[in-house]
Amino acid sequence: VRALVTGAASGLGRALAIRLAAHGARVTALDRDAAGLATLPAPAEPLAADLVDTAALEGLGETLAARGPYDTVIHAAGISATGRFEALCLDEMARVIAVNLLAPMALTAALLRARALRPGGSLVLIGSLSHRLGYPGAAAYAASKDGIASFGRSLRRPLARAGIKVVTVLPGPLDTPHAARHAPPGASGRGRMRPEIAADLILARMRRGGSFTPGLGPAVAGAFGLVAPGLATRIMHRTLYLPLVAAAADAGSATATLDPALPVTAASAGQAGPPA
Amino acid sequence: MTISPMSYLVTGASSGIGLALVQRLAASGHTVLATGRRPEAALPGDFPDVPYLAADLASPGGAAAVAARVPAGLDRAILNAGTGQYRPIEAETAAEVAAILETNLIAPLRLAHALHPALEASRGRLCLVGSTAHRGAPAMPLYAASKGALDGLGRALASEWHGRVVVRVVHPGPTRTAMHARAGFDPGRLAAVFWDPGQAAEAVLAAVERGGGYRASLSLAAGLVGRLRRRRAAA
């Protein structure tokens with residue numbers, strides 16, 4: 001059994017890579033963070049690559065396809081940029097779109113073209129609960145995740161013909177470095193799901209296809225967003241956006257939280273979302 | 001409907017719904033700045049007498065050039081430019097994925113960013129033209145994803161800018177424009193139930209002015225009802 005996981009050095013991607021390996025899969029683990037990949041427990045095959053580098057995606061797709069064919073492909077790499085839209089830097093927002101939306105679509109195209117996804121396998125896209133609730137304060141992130149959800153719905157039927165299941169995961173807040181970076185300052189972090197638990201739920205569910213939210217609490221929040229989308233977004237405005245704006249004002253600057261220039265780019269997985 | 005003259009920006013104005021929009025706006029006496037990718041000399045003969053700026057919105061300089069030309073108090077920005085291909089996903093290269101996202105998502109994002117001060121100054125409205133394909137379209141997954149993303153952008157902006165700038169995402173259903181031919185799709189007899197660009201343009205303009213939620217879908221059913229009404233009005 002072979003698997004590919006992007007964003008595998010931390011957060012949800014890491015948890016997924018570890019669980020898959022524990023189940024006996026040979027995991028190709030991709031991340032920009034080579035040091036993080038090096039700390040994965042054994043059978044993972046690391047591949048350090050930066051998904052922000054759009055020009056390199058075509059070649060990366062070929063490299064990944066050559067390591068296949070895969071039974072499971074999981075696009076877990078994701079970054080965010082939070083703050084008032086008009087105060088955020090355009091390049092940073094373009095990077096969010098590149099990592100969260102462009103890269104998974106381009107890599108999926110390359111893998112399918114090379115027949116590197118086996119019939120009977122699963123393509124797992126990581127969206128966000130923000131698809132159900134809206135996400136003021138992270139406009140580019142929300143856009144990228146809604147785009148992924150549309151992409152998943154579009155692929156479902158064509159890939160079903162090839163025997164491949166497409167599943168779009170819409171996770172709520174996870175207890176990951178990503179969530180900690182982008183939550184409003186002072187957020188307790190209570191109610192964030194451990195990525196290991198989310199990973200188990202995703203792996204148990206992925207052979208069925210469709211979209212789902214791991215965990216009862218976040219799933220109920222998502223259902224609420226489907227029934228009352230306007231009210232759900234107003235609640236997000238009050239609980240996420242206003243605290244972000246207030247914190248930015250306190251800091252005496254209009255700038256907001258970007259994924260820090262730590263290893264400058266793609267890949268800490270895990271989703272921001274509403275406070276549970 | 002009589003409305004006092006306002007200033008509009010319309011992107012993607014050289015054909016399709018964009019062209020129909022500027023024709024209607026010019027005829028109603030509004031001030032319009034139109035932009036498109038075509039050079040001015042290549043505009044269709046029925047393009048109205050309004051200022052036109054040839055700009056490639058898929059380049060960072062394009063959005064800045066457009067923003068520099070809009071009036072200080074812009075009342076309405078209708079970001080309509082879009083592109084798409086009827087192609088299965090395995091036929092797409094990374095460069096094509098990037099190009100579609102650049103035009104359909106990054107360009108409106110850049111323009112929304114650049115136009116925010118002008119729209120806020122006039123308590124104006126921003127309209128993003130999406131597509132009902134955002135619900136998922138097996139024949140054009142990239143296009144669907146770009147329009148889904150545009151919907152998410154609009155939803156976030158509508159909430160962030162609440163009380164300052166009204167944001168609406170309008171999703172037209174299939175419309176008889178040159179995009180289908182360019183995208184490699186012959187609708188054949190299906191075209192009979194498609195929206196015509198003029199009808200879609202009127203629906204877009206009405207959707208921009210109405211109240212309520214950020215999203216307005218122009219479904220085929222809504223189009224047929226509108227067509228019947230107009231036929232009755234004409235009779």
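Numbers restart at 1 for each chain; the letters A, B, ... are given by sequence-line order, proteins then strands.
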Task: Donor-acceptor contact present, side-chain B/Arg155 to main-chain A/Ala142, <3.5 Å - done: no
Open item on the list: Closer than 3.5 angstrom, by distance alone: can the side chain of B/Arg135 be matched with the main-chain N or O of A/Arg153 as a donor-acceptor pair?
Closed with: no
Open item on the list: If I take atom CD from residue B/Glu92 and atom CZ from residue A/Arg113, how far apart are they, to the nearest 0.5 angstrom?
Closed with: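 Separation between the atoms: 8.5 Å.
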Task: Pairwise distance CG(B/Leu142) to OG(A/Ser150) - rounded to 0.5 angstrom - done: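 Between atom CG of B/Leu142 and atom OG of A/Ser150 there are 11.5 Å.
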When only heavy atoms count and the cut-off is under 4.5 Å, which of [range] reach chain A?
{"range": "residues 98-111 of chain B", "result": "B/Ala98, B/Leu101, B/Leu105, B/Ile106, B/Leu109, B/Arg110"}
{"range": "residues 73-81 of chain B", "result": "none"}
{"range": "residues 157-172 of chain B", "result": "B/Leu157, B/Ser159, B/Glu160, B/Trp161, B/Arg164"}

Given heavy-atom pairs under 4.5 angstrom as the criterion, report whether the side chain, backbone, both or neither of [X] touches chain B.
{"X": "A/Ala98", "value": "neither"}
{"X": "A/Ala139", "value": "both"}
{"X": "A/Met93", "value": "side chain"}
{"X": "A/Phe85", "value": "both"}

Open item on the list: Once ring-ring contact (aromatic ring centres under 6.0 Å, His included) is applied, do any residues pair with A/Phe212, and if so which ones, sequence neighbours excluded?
Closed with: none
Open item on the list: Let's test your reading of the structure: which of B/Pro138, B/Ala114, B/Gly152, B/Gly213 forms the most heavy-atom pairs below 4.5 Å with chain A?
Closed with: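 That would be B/Pro138.
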- [ ] Select, from B/Gly136, B/Ala145, B/Ala156, the one with the greatest count of heavy-atom pairs under 4.5 Å involving chain A.
- [x]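 Of the candidates given, the most pairs with chain A belong to B/Ala145.
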Task: Part of B/Thr93 lying under 4.5 Å from any heavy atom of chain A - done: both
- [ ] Against chain A, label B/His113 side chain, backbone, both or neither, depending on which of its atoms sit under 4.5 Å from a heavy atom there.
- [x] both
Out of [options], which one racks up the most heavy-atom pairs below 4.5 Å with chain B?
{"options": "A/His237, A/Glu86, A/Arg234", "result": "A/Glu86"}
{"options": "A/Ala110, A/Gly137, A/Gly230", "result": "A/Gly137"}
{"options": "A/Leu112, A/Leu102, A/Leu57, A/Leu242", "result": "A/Leu102"}

Open item on the list: Counting neighbours of CZ on A/Arg115 that are heavy atoms of other residues, nucleotides or ligands and sit closer than 6.0 Å, is the number greater than 12?
Closed with: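 Open.
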Task: Which atom of B/Pro141 lies closest to which atom of A/Leu155, heavy atoms considered - done: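 Heavy atoms only, the tightest pair is CB-CD2, 3.9 Å.
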